[in-house]
2 protein chains.
Amino acid sequence: MKTPTLEDVAARAGVSTATVSRCLNAPEKVVERTRLRVMEAVRDLGYAPNFSARALAEKRTRTIGAVIPTMENAIFAEGLQAFQDVLQGGGYTLLIASSGYDPKVEEDQIRTLVARGAEGLLLVGYDRAPAIAAFLEAQNVPSVIAWAHDTTQPGCSVGFDNRAAMRALVTHALELGHRRVAMISAPLQGNDRARERHAGVLAALKERGLELEAMVETPYDLEGGGEALQQVLRDKPETTLVVCGNDVLAAGALEGARIIGLDVPADISITGFDDIALARIVRPALATVRVPHRDMGEAAARAVVSLVETGRAENRILEAQMCLRASLGTPKRPS
Amino acid sequence: MKTPTLEDVAARAGVSTATVSRCLNAPEKVVERTRLRVMEAVRDLGYAPNFSARALAEKRTRTIGAVIPTMENAIFAEGLQAFQDVLQGGGYTLLIASSGYDPKVEEDQIRTLVARGAEGLLLVGYDRAPAIAAFLEAQNVPSVIAWAHDTTQPGCSVGFDNRAAMRALVTHALELGHRRVAMISAPLQGNDRARERHAGVLAALKERGLELEAMVETPYDLEGGGEALQQVLRDKPETTLVVCGNDVLAAGALEGARIIGLDVPADISITGFDDIALARIVRPALATVRVPHRDMGEAAARAVVSLVETGRAENRILEAQMCLRASLGTPKRPS
DNA sequence: CTATGCGATGTAAGCGCTTACAAGGCAAGC
DNA sequence: GCTTGCCTTGTAAGCGCTTACATCGCATAG
């Protein structure tokens, strides 16, 4: 019992395959009487078009690929969900791959997606080998960069200014009186979002003639944040503010502070970035930066589709807002 | 500048398309001298096979579909990641869709995936319209059910016994002396995992001749958990243990308890389910049930592939372990 | 030296669909 | 009545690949 084909439907409806195809793809080109007959045959047979055949004939796969660092993080999941919703509405299918923050894996995934017929790509950040851009160029596969924004870089992007957002947050903290500032970040290597956030911290400090007391790079998990905080305070006990590159590290740092008996924010302030649900549930709640994931995902989807269909799309820069909460307070002994 | 085809490669290497195809798919059937020549042509031209054409000719898409309730939850993300890793290793591509816990959407997604050529499906739980099973049967698309396990149901499943795990946890709590137990759960409608966990609570209670004091169904988020807890304690202030259907609700409940000034676990114990990272970061840490997501994802992938390739696969039931932490304690005033 | 067999390669027929082009029918205009 | 042109439908040529079968060449056996 094989699945019915266009031809089966045509035979049953007593028309040619071309007519059936037209009924499905351009119903207005077929007179109603015929169309109804064909549709009935389609229903009777439970016919469903074969995507591979259609793609081959049309030379279009209607597939978009996305390579994200990890699925196991709410920030990408939410944006990706929005991305997919919009794509699906436009008749596209999304192929997702994750790189685990490994550039080598990311490159493989990109090639795989393209080989799989992706007509356009969603990529996170700008940090990748130039060969990849060349490859995509050669294969004529457009891409949009999300979760970052850099006007000096070519290519379409839908993101926000990680540096400016972080800078604003730290500037605010400095206005509260903080002077001894340390940072805990995910590894900067191969992660321009992390680098931009770092740069934002440095910029805010420099504006006031300050320097970063300490900088710890640590793997992206709660434990890493906790250990990093303890290390920072061992080396620089004068620190009054620990800026974290993301909420997960900040939540870990909060826990680290608790372990060594420090009160947040009385003894030390801690900030995060991303405003994931976790930021609101920990105590004290995390001061952080809210990133408009859904909006970004939706805008990115529209951009990719536009790129695929018309060859052009506009950059879109979204607003990332400071989100002040209890973990950031006035320093006990402003120096 | 269109992408090169098999024919282009064949022409350049001075062989037939059949030989090129063989070089790519069954190299041992081609003598080395020829093979090297062909491979060189492939490299020179930057040839990449066209998946649609291959799928059409082979009548295989090498695509597996998965419909999960949501991507925005670590528990599915982790399992799915493992699922995808195994599939990719086996030369399959994963197509992901999410239903947002809506049965109607899930059905649509399933149909879409099948229309897209999915040769096998990963589904979560058993709860869906019978028409869907019939549809999959008719289309000859095998599926495996994950995150649940029910020996009375037909079909291949890779999961764990939600009911038994919850029952064990509650039984343990009863041994600590709890007698007034309430439950906060995600909506039971259309969610057999939630129903099974609920049944597990009831079973443990019944064994001791007890009944559930209160049962609140609430949307799956932190706020829901917090409000539900407050409601429970307003109605049944004697409650000493609030069992939550998952960690997110439990974390919300923890927060709810804090708001009304109750100490956990001194005044009230709270438990979760899933053991997501959140469970370890909240204070007090959540007593919960650890679900082996990665193992499940991997096993599920092997099962789907086996089902697709051989038509058969074994059920696999994994162990979900109790995970005791500070949020579960001895009741203050055992009744 | 010829018959036999096998391994390497080529030939060509699809896979199911879209679509340019052709064909046929019919209404309107002359 | 015939032409014109539009509208509907049919015909058939691919899309790029796999693969059953045919072919060819050569080594081995008789």
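- The shortest distance between the side-chain N/O atoms of A:N25 and the OP1/OP2 oxygens of C:dT18 is below 4.0 Å.
- In this structure, A:R60 atom CZ and C:dT18 atom P are separated by 13 Å, rounded to whole Å.
- Considering every non-hydrogen atom in both A:P69 and A:R193, the closest pair reads CG-NH2, 3.7 Å.
- Under a 4.0 Å N-O distance rule, the pair A:D85/A:R294 qualifies as a salt bridge.
- The interatomic distance linking A:E58 (CD) with C:dT19 (P) rounds to 6 Å, in whole Å.
- Using a 4.0 Å cut-off, some side-chain N or O of A:T34 falls inside it from OP1 or OP2 of D:dT9.
- Applying the 4.0 Å criterion to OP1 and OP2 of D:dG16, one finds that A:K59 has a side-chain N or O inside that range.
- There is no side-chain donor-acceptor pair under 3.5 Å between B:T3 and A:Q139.
- Residues from residues 40-47 of chain B with heavy atoms under 4.0 angstrom of DNA chain C: there are none.
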Short N/O separations, protein against nucleotides 24-26 of chain C, under 3.5 angstrom:
none

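- Across the helix from C:dC1-D:dG30 to C:dC30-D:dG1, the helix axis at one end is tilted relative to the axis at the other end by 50° (nearest 10 degrees, each axis from five pairs).
- Atom pair A:D8:CG and C:dC15:P shows a separation of 11 Å (rounding to whole Å applied).
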List, with names and distances, any nitrogen or oxygen atoms from the protein found under 3.5 Å away from nitrogen or oxygen atoms belonging to nucleotides 10-14 of chain C.
residue: C:dG10; atom: OP2; partner: B:S16; partner atom: N; Å: 2.9
residue: C:dG10; atom: OP2; partner: B:S16; partner atom: OG; Å: 3.1
residue: C:dG10; atom: OP2; partner: B:T19; partner atom: OG1; Å: 2.6
residue: C:dG10; atom: N7; partner: B:R22; partner atom: NH2; Å: 2.9
residue: C:dG10; atom: O6; partner: B:R22; partner atom: NH1; Å: 3.3

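- Nucleotide D:dC15 holds its C1' atom 4 Å from the CG atom of A:L56, rounded to whole Å.
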Name each donor-acceptor pair under 3.5 Å that joins a side chain in residues 119-133 of chain B to protein atoms two or more places apart or in another chain, with its distance.
residue: B:E119; atom: OE1; partner: B:R60; partner atom: NE; Å: 3.3
residue: B:E119; atom: OE1; partner: B:R60; partner atom: NH2; Å: 3.0
residue: B:E119; atom: OE2; partner: B:T61; partner atom: N; Å: 2.7
residue: B:E119; atom: OE2; partner: B:T61; partner atom: OG1; Å: 3.2
residue: B:E119; atom: OE2; partner: B:R62; partner atom: N; Å: 2.4
residue: B:Y126; atom: OH; partner: B:D150; partner atom: N; Å: 3.2
residue: B:Y126; atom: OH; partner: B:S157; partner atom: OG; Å: 3.4
residue: B:D127; atom: OD1; partner: B:R195; partner atom: NH2; Å: 2.8
residue: B:D127; atom: OD2; partner: B:G190; partner atom: N; Å: 3.4
residue: B:D127; atom: OD2; partner: B:N191; partner atom: N; Å: 3.1
residue: B:D127; atom: OD2; partner: B:R195; partner atom: NH1; Å: 2.8
residue: B:D127; atom: OD2; partner: B:R195; partner atom: NH2; Å: 3.2
residue: B:R128; atom: NE; partner: B:E106; partner atom: OE1; Å: 3.4
residue: B:R128; atom: NE; partner: B:E106; partner atom: OE2; Å: 3.3
residue: B:R128; atom: NH1; partner: B:G125; partner atom: O; Å: 2.9
residue: B:R128; atom: NH2; partner: B:E106; partner atom: OE2; Å: 2.8
residue: B:R128; atom: NH2; partner: B:V124; partner atom: O; Å: 3.1
residue: B:R128; atom: NH2; partner: B:G125; partner atom: O; Å: 3.2

Expected list for residues 8-17 of chain B: side-chain donor-acceptor pairs under 3.5 angstrom, two or more places apart:
residue: B:D8; atom: OD2; partner: B:T5; partner atom: N; Å: 2.9
residue: B:R12; atom: NH1; partner: B:D44; partner atom: OD2; Å: 2.6
residue: B:S16; atom: OG; partner: B:A18; partner atom: N; Å: 3.4
residue: B:S16; atom: OG; partner: B:T19; partner atom: N; Å: 3.4
residue: B:S16; atom: OG; partner: B:T19; partner atom: OG1; Å: 3.4

